[in-house]
2 protein chains.
Amino acid sequence: MIIQQLSESTEMYLKAMVELSDREMVAIGRLAERLSVTAVSTNEMMRRLGEQGLVKHTPYKGVALTKKGREVACNVLRRQRLWECFLYDHLKIEWTQLYELACSLEHATAPEVTEALAVFLGNPKTCPRGNPIPAADGSFVPLNGIPLSEAAVGATVRVLAVNATATDVIQHLFERGLLPGHKVKVVEAAPLQGPLTLCVDPPEKNGAGGKETVLGLSLAEFVIVES
Amino acid sequence: MIIQQLSESTEMYLKAMVELSDREMVAIGRLAERLSVTAVSTNEMMRRLGEQGLVKHTPYKGVALTKKGREVACNVLRRQRLWECFLYDHLKIEWTQLYELACSLEHATAPEVTEALAVFLGNPKTCPRGNPIPAADGSFVPLNGIPLSEAAVGATVRVLAVNATATDVIQHLFERGLLPGHKVKVVEAAPLQGPLTLCVDPPEKNGAGGKETVLGLSLAEFVIVES
DNA sequence: AATTAACATAAGGTTGCCCTTATTATTGCC
DNA sequence: GGCAATAATAAGGGCAACCTTATGTTAATT
Ligand SMILES: [Mn+2]
Ligand SMILES: [Mn+2]
Ligand SMILES: [Mn+2]
Ligand SMILES: [Mn+2]
């Protein structure tokens, strides 16, 4: 099987699919929204990727990655998360910028570089945003957590990962202390899909005495906490 | 002055110009050849870059970088050579692959990353291929050397840099020991633009007892030696 | 069963960057 | 001064990714 170079666009569509829902079907609309592209463009692209055997599109149901597509997608994830480690640990880049900066590098990284980088970093298992780094063969253990938006009111949970991709969203979460390792107590959930009221604390503390903050439910979806 | 993101193509044209002849005019044909693109395409591109104020095209004379264009070009060079240092010194990537691998990364590197990388590397002045690394403001001291193809017969000179960009050419030169620091004695130059006969030695030696090799003149142009 | 939101598809466009082929212009050289 | 190489320009295309606007189609909801 000859693996030709895939375009940045192609890689981003595949990565978005695996990020949105590993192994399940993804609605074209969700994909389009995530990539800031119209649904028509996404449809076109899914046709092209279908022809290349990277995705399977079931009209009116959604798209799913094929085995080959998932391999590519996981490899993109690997590259992006390895770069996040490097940027954070060695270049001291701000946490909020990691996703965006690594998202450029990921498409310009040859396999030799990816693997040498992994060795250089000591084969890390997790990126600074808390997500697992797929192995060279694409395998990885998915996080065993739930979105903060689904945590029980009154519970105190630890943040495992932050899944947002837009830098302004990441910034917003960061400013409220919502980073991996921090403890969060869900003080209150406003009715009718209203915002959450939270107490957020650094790791040592317990999410009770910390600063209180209000977080929209759609943003809380990006924060993965232990279940 | 708002600096919008320039395309990879644009950056490569500008970089090729500064590599071919800093501050002098470059013939469209030479540029086209270097980039493996037709002269017509190069002409088109020069029109576009002209409209953006990055180059000045004087028909039948050649193209030259504007001040703005040269700034961009030097910044691309900086990124590429910093990456070469990282790939070589920290990732232990093979010397022959450095140019190609760094040439991808250079276009995906934001200013924050470039500067943090420079700090991480200790602000190196030279890349593993021997070329100077422009400072953040674009300034750099050009190498004070001549192409090996212009060295006097009988002379023993030290290699300062290797300027080739095609990996197979770099490989060819590498196999013959033509790397920065090595000593070369020009044993003979065949007449009528014929090949050079060389003795190449590692740094300690003196380019006399080393292995003898024959090198085409067009390849010898890529090897910069002290003048 | 009808309605509606989401989705699919068709059609027509744009932009960037590449190509070929043909024609014209310039320049350096014999 | 004429010739050949080089360069420029014109014209016509291709392809990947995007877009809008319109028109069907499906499926979930009432
Ligand atoms: Mn990306
Ligand atoms: Mn490049
Ligand atoms: Mn069309
Ligand atoms: Mn045209």
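In what follows, every chain begins at residue 1, and chains take the letters A, B, ... in the order their sequences are listed. Side chains are part of it too, since the values below use all heavy atoms of this structure and drop only hydrogens, waters and symmetry mates.
Contact check on B/E106 versus B/R78 returns no salt bridge, with no Lys/Arg side-chain nitrogen under 4.0 Å from an Asp/Glu carboxylate oxygen. Using a 4.0 Å cut-off between charged side-chain N and carboxylate O, B/K15 and B/E8 make no salt bridge. A salt bridge links A/E11 with A/R79: the distance from a Lys NZ or Arg NE/NH1/NH2 to an Asp or Glu carboxylate oxygen falls below 4.0 Å.
Between the P atom of C/dA8 and the CE atom of A/M45 lies a distance of 16 Å, rounded to the nearest Å. Protein atom CE of A/M12 is 11 Å distant from nucleotide atom P of D/dC18, rounded to whole Å. Note: CD1 (A/I28) to P (D/dT25) measures 19 Å, nearest angstrom. The distance between atom CD of B/E11 and atom C1' of C/dC17, rounded to the nearest whole Å, is 15 Å. What separates CG of A/L35 from P of D/dC19 is a distance of 10 Å, to the nearest Å. Atom P of nucleotide D/dA17 and atom CE of A/M46 are separated by 11 Å, given to the nearest angstrom. Between the NE2 atom of B/H107 and the P atom of C/dC17 there is a distance of 12 Å, rounded to whole Å. For the pair B/R47 CZ and C/dC18 C1', the computed distance is 13 Å after rounding to whole Å.
For the OP1/OP2 pair of D/dA17 and a distance below 4.0 Å, the side-chain nitrogens and oxygens of A/S7 include at least one atom meeting the criterion. Applying the 4.0 Å criterion to OP1 and OP2 of D/dA7, one finds that B/H57 has every side-chain N and O outside that range. Within the 4.0 Å cut-off from OP1 or OP2 of D/dA16, not a single side-chain nitrogen or oxygen of A/S9 is found. Between D/dA17 and A/S41, no contact under 4.0 Å exists linking OP1 or OP2 to a side-chain N or O. Taking only side-chain nitrogens and oxygens, B/R48 comes nearer than 4.0 Å to OP1 or OP2 of C/dC17.
Other residues, nucleotides and ligands contribute more than 12 heavy atoms inside 6.0 Å of the CD atom of B/E112. Atom CG of A/D137 has more than 12 heavy atoms from other residues, nucleotides or ligands within 6.0 Å.
The nucleotide whose nearest atom lies closest to any side-chain atom of A/T10 is, among C/dC17, D/dA17, C/dC18, D/dA17. Closest contact between the side chain of B/E44 and the listed nucleotides C/dT9, D/dT20, C/dC18 involves C/dC18.
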Exercise for the section: Can you check each nucleotide of nucleotides 21-28 of chain C against protein heavy atoms at under 4.0 Å and return B for base, S for sugar-phosphate only, - for none, in 5' to 3' order? Expected result: B---BSS-

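Ring orientation note: the planes of A/H90 and A/F120 are tilted relative to one another, at an angle of 30° to 60°.
Rounding to the nearest 0.5 Å gives a distance of 8.5 Å between OG of A/S139 and CZ of A/R70.
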